[in-house]
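Single-structure report; data block below.
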Amino acid sequence: MKNLLNLFLGVTFLLGMASCNKTDSNATDTLPQGDNTVLSIQGVTSTTQVKSASIASTPTISISITGKDSSLIGTATLTQAKIAVKEIQFNMPDSEIDNEAEMEQEKEIEFNGPYIVDLITDSITPELKPVALLPGTYTGIKLKLDKIEGDETNEDDGSALATETDSIYQHSIYLEGTYTGVIQQQKYDNIPFTVKYDMDKEINFNTNGTKGFKVALDSVNNIIVAFNLDDWFNFANRETNPDHVDFSDLTVQTDANGNPYILIEKIEQQSDVNAAVQEVIEHNLEMSTRYGKDEDHDGHLGNKEDDDTANDNGE
């Protein structure tokens with residue numbers, strides 16, 4: 001790391017980011033010395049990259065749930081969509097690594113978490129600080145999910161990153177909201193909908209032959225990782241759903257008052273069908289992600305800005 005910092009010594013850059021990550025790429029005077037790259041992680045849908053209107057002042061995002069026959073089964077309106085990220089690393093292709101500094105950087109973790117990412121508000125706790133990257137082309141991002149145990153600390157203020165009262169506690173993924181649609185040929189309206197994972201999983205966004213993104217020294221490089229939440233619930237993808245599991249086959253549970261709800265969680269009490277649905281969602285997660293450089297500085301990853309790995313759901 002010392003070699004890397006020395007390489008950038010004397011160079012400063014501008015981080016002109018508002019909440020939507022807009023940046024003036026030509027300004028070069030306010031980023032910490034040596035830092036030239038900013039990362040954001042976002043939740044998007046297939047129809048729009050702007051979050052839906054809020055309900056009772058609570059930010060929400062509505063996602064489509066697609067059946068194994070490509071038909072629309074229903075819609076989930078999420079009030080919570082969080083993931084816990086342990087670490088993030090950028091990777092160059094082997095053909096571009098030709099000096100000691102680049103070889104050393106390949107071994108380093110650029111972002112050591114854990115971080116809690118809110119895919120509805122696109123906020124990250126603690127904040128992802130700008131980092132120094134060597135100039136060149138990057139065709140891979142490695143992101144590791146890991147559940148929040150409760151002993152993690154928020155480096156911004158020293159407080160606990162999550163406590164027992166937080167929904168992400170003891171989970172690596174947590175979704176909550178309501179579902180409207182068909183389950184086992186019965187129509188439901190706005191019933192509680194929850195998806196939980198406690199998995200430890202490494203996701204590699206790295207496909208041979210992709211253009212990746214270029215990092216330059218003389219400008220701020222805004223890199224975006226975007227999770228398409230619609231794709232998490234696309235059961236028409238034969239690669240991630242070879243057994244033709246269908247979301248509409250779920251077992252709907254009832255609470256003590258007889259009210260229906262959907263819970264997808266890896267527990268012994270979960271039905272075989274619900275477990276199969278959860279497994280498909282997990283496989284879809286890896287196929288749902290795009291990454292790239294925000295060239296037009298609008299805070300979103302446009303179709304011409306991504307890494308060209310167009311996931312196998314046809315996006």
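Values below: all heavy atoms of this structure, side chains included; hydrogens, waters and symmetry mates excluded.
Put simply, the side chain of Asn204 never gets that close to the backbone of Gly140: no donor and acceptor are under 3.5 Å apart. Distance alone, capped at 3.5 Å, places no donor-acceptor pair between the Asn284 side chain and the Thr240 backbone. Remark: side-chain polar atoms of Gln105 are paired, donor with acceptor, to backbone N or O of Leu134 under 3.5 angstrom. Of the possible donor and acceptor atoms, one in the side chain of Glu96 sits under 3.5 Å from a partner among the backbone N and O of Thr137. Using a distance-only test at 3.5 Å, with no hydrogens or angles considered, a donor-acceptor pair links the side chain of Glu102 to the main chain of Asp98. With Arg238 contributing its side chain and His244 its backbone, the two residues share no donor-acceptor pair below 3.5 Å. Side chain of Asn221 to backbone of Ser219: a donor-acceptor contact under 3.5 angstrom is found. At distances below 3.5 Å, not a single donor-acceptor pair connects side-chain atoms of Gln42 with backbone N or O atoms of His300. A donor-acceptor pair under 3.5 Å is formed between the side chain of Glu110 and the backbone N or O of Phe90. A donor-acceptor distance shorter than 3.5 angstrom exists from the side chain of Asp157 to the backbone of Ser159, with no hydrogens or angles considered.
Under the 4.5 Å side-chain criterion, counting only non-hydrogen atoms from C-beta, Ile88 is in contact with Ile41. Proximity of Ile116 to Asn154: side-chain heavy atoms (C-beta onward) are nowhere separated by under 4.5 Å. Residues Glu106 and Asn91 have side chains in contact (heavy-atom distance under 4.5 Å, counting atoms from C-beta outward). Put simply, the side chain of Ser172 does not reach to within 4.5 Å of the side chain of Lys201, judged on heavy atoms. Side-chain contact between Leu145 and Ile173 is present, with at least one heavy-atom pair separated by less than 4.5 Å. A heavy-atom distance below 4.5 Å is found between the side chains of Asp294 and Glu305.
Donor-acceptor pairing under 3.5 Å is recorded for the side chains of Asn190 and Thr180. Looking only at atom types and distance, the side chain of Asn228 has a donor-acceptor partner in the side chain of Ser46 under 3.5 Å away.
Going from atom CD1 of Ile141 over to atom CD of Gln89 covers 11.0 Å, rounded to the nearest 0.5 Å. Distance check, rounded to the nearest 0.5 Å: CG of Asn234 to CE of Met287 gives 10.5 Å. Lys86 NZ to Tyr115 OH: the interatomic distance, rounded to the nearest 0.5 Å, is 13.0 Å. Taken to the nearest 0.5 Å, the CG atom of Asn274 stands 8.5 Å off from the CD1 atom of Ile262.
With salt bridges taken as basic N to acidic carboxylate O contacts below 4.0 Å, one links Asp156 and Lys129.
Between Lys293 and Leu301, the closest heavy-atom pair is N-CD1, 4.3 Å.
Surrounding NZ of Lys187 are more than 12 heavy atoms belonging to other residues, nucleotides or ligands, all under 6.0 Å away. Around atom CG of Asp94, no more than 12 heavy atoms belonging to other residues, nucleotides or ligands sit under 6.0 Å away.
In summary, the aromatic rings of Tyr179 and Phe247 are positioned with their centroids under 6.0 Å apart.
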